[in-house]
Amino acid sequence: MTFGERVNKLRTDKGMTQDELAQAAGYKSRSTIAKIESGERDASQSMIVAIAKALDTSPSSLMGWDDDANLSLTSEPQYRGFNILDKNNIYMIPIFKTVSAGFGAYADDQICGYEPLYLESQREAEETLAIAVKGDSMYPKIEEDDLVVVHKQDYFENGDIVVAVVCGENDGFVKRAFQTEEKLTLESINPSYPPMVFSGSKLDDIKIMGVVRKIIKSV
């Protein structure tokens, strides 16, 4: 049985439509599920994890690896090149189009999608969000439409990539941060953009909203 056939069987056994599975897995259209089931599209690791969680199974079962009696769980990751994750620790993290949307008062109304992530706890999931990056100020490390996974916190270590909001600006910034006793500097990776330096009373105008923990490249 192929991966697509297993997805189809589990979905139909649960009485789910392709639309319902797509929504549960964080995808906007049933066409993604239809193409996977028909074999027209390969599934990425994140897709496999999301679909497995939506179908209440494990990625290894969905891939058919549990059918191999000669393959132990301890050897499976090394043999297959896929980390076996506890589905209970996979959370659908909200994606926002802008920094202000993600950290605004009405953030829940600004969600544009979800990304499945393995996290250690429910609390960590509640403190994590993803933002779709616009612009090229952090190129080449972070490019247009890449997702940055952000842990909400107001502290950082020098050199961390942070999400910051400046009073009076329409949106926030994703920058590398450095702080001394006298000033806070936000630097772009792209040398075309000059650093932003805050000192004295200007330090009150900026707020660190979180630290980037992961970058998910756009296709």
Side-chain angles (χ1 to χ4, degrees), residues 26 45-46 49-50 53 83 85-191 193-218:
Q45 179 169 324
S46 63
V49 170
K53 183 175 177 66
N83 291 324
L85 305 176
D86 184 344
K87 64 183 179 181
N88 293 321
N89 287 90
I90 298 170
Y91 298 89
M92 301 303 290
I93 301 303
I95 301 171
F96 299 90
K97 290 184 178 180
T98 64
V99 172
S100 59
F103 290 95
Y106 303 100
D108 288 347
D109 296 330
Q110 305 295 323
I111 296 172
C112 64
Y114 292 87
E115 179 70 21
L117 290 178
Y118 180 87
L119 299 169
E120 293 297 329
S121 65
Q122 177 69 37
R123 178 177 178 179
E124 185 181 2
E126 293 171 352
E127 296 173 346
T128 301
L129 56 80
I131 298 171
V133 174
K134 299 300 178 186
D136 64 350
S137 67
M138 297 300 283
Y139 179 86
K141 187 176 184 68
I142 305 174
E143 301 177 82
E144 179 94 8
D145 294 328
D146 285 352
L147 293 181
V148 290
V149 177
V150 182
H151 183 258
K152 301 175 186 178
Q153 59 187 72
D154 59 4
Y155 57 91
F156 64 92
E157 295 184 4
N158 280 337
D160 280 349
I161 296 177
V162 305
V163 173
V165 173
V166 179
C167 181
E169 297 286 346
N170 291 330
D171 198 11
F173 302 93
V174 177
K175 303 289 183 184
R176 198 178 293 281
F178 299 89
Q179 188 165 26
T180 67
E181 292 183 2
E182 296 81 18
K183 65 182 180 181
L184 171 64
T185 303
L186 300 181
E187 294 185 356
S188 300
I189 294 176
N190 187 336
Y193 294 82
M196 305 169 65
V197 181
F198 301 84
S199 60
S201 61
K202 292 293 184 180
L203 286 170
D204 296 330
D205 295 338
I206 187 165
K207 184 175 182 181
I208 302 299
M209 307 300 294
V211 173
V212 173
R213 296 302 188 195
K214 184 176 183 179
I215 300 166
I216 301 174
K217 306 299 288 185
S218 63

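In this structure a side-chain-to-backbone donor-acceptor pair under 3.5 Å is present from T180 to E182. K53 places a side-chain N or O within 3.5 Å of a backbone atom of I90 that can act as its donor or acceptor partner. For N89 (side chain) and L119 (main-chain N/O), a donor-acceptor pair under 3.5 Å exists by modelled atom type.
Looking at every heavy atom in both residues, I206 comes nearest to F198 through CD1-CE1, 3.6 Å. P195 and E187 get closest at one heavy-atom pair: CB-CG, 4.0 Å. When all heavy atoms are compared, the tightest approach of Y193 to S188 is CB-OG, 3.4 Å. For the residue pair F178 and F156, the shortest heavy atom distance occurs at N-CE1, 4.2 Å.
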- [ ] Start with the C-alpha gap between V133 and M138, add the side-chain angles, then the distance that decides, and say whether side-chain contact (heavy atoms from CB on, under 4.5 Å) holds.
- [x] CA-CA 9 Å; V133 174; M138 297 300 283; 5.9 Å; no
Open item on the list: Before you tell me yes or no, could you show the steps for E115 and V149 under side-chain contact (heavy atoms from CB on, under 4.5 Å), namely the whole-Å CA-CA distance, both residues' side-chain angles and the distance that decides it to 0.1 Å?
Closed with: CA-CA 9 Å; E115 179 70 21; V149 177; 5.8 Å; no
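Within the structure, every pair that satisfies the salt bridge (charged side-chain N to carboxylate O under 4.0 Å, His left out) test and touches residues 116-135, not counting sequence neighbours, is listed here: R123-E127, K134-D145. Identified under the side-chain hydrogen bond (donor to acceptor under 3.5 Å, both in side chains) test for residues 195-214, with sequence neighbours left out: Q153-R213.
Between the NZ atom of K183 and the CG atom of L203 there is a distance of 11.0 Å, given to the nearest 0.5 Å. Put simply, CG on D171 and OG1 on T98 are 4.5 Å apart, with the number rounded to the nearest 0.5 Å. How far CD1 of I208 is from NZ of K175: 12.5 Å, rounded to the nearest 0.5 Å. With rounding to the nearest 0.5 angstrom, the CG atom of D146 is 7.5 Å from the CD1 atom of I215. Within the model, atoms CG of L129 and CD1 of I95 stand 10.5 Å from one another, a figure rounded to the nearest 0.5 Å. Within the model, atoms CD1 of I142 and NZ of K217 stand 7.5 Å from one another, a figure rounded to the nearest 0.5 Å.
Side-chain contact between Y114 and P94 is present, with heavy atoms from C-beta onward closer than 4.5 Å. The side-chain heavy atoms of I111 and F96, taken from C-beta on, include a pair separated by under 4.5 Å. Between Y91 and T128, every side-chain heavy-atom pair lies at or beyond the 4.5 Å cut-off. Contact of the Y118 side chain with the V49 side chain is not registered, since no non-hydrogen atoms from C-beta on lie closer than 4.5 Å. The shortest side-chain heavy-atom distance between N158 and Q179 falls under the 4.5 Å cut-off. V99 places a side-chain heavy atom less than 4.5 Å from the side chain of V165. Annotation: side chain of V211 is not in contact with side chain of Y155 (no heavy-atom distance under 4.5 Å).
The environment of Y139 atom OH is sparse: at most 12 non-hydrogen atoms of other residues, nucleotides or ligands sit within 6.0 angstrom.
Considering V150, V162, V163, L186 in turn, V163 is the only one that fulfils the side chain to side chain contact (heavy atoms under 4.5 Å, CB included) rule with V174.
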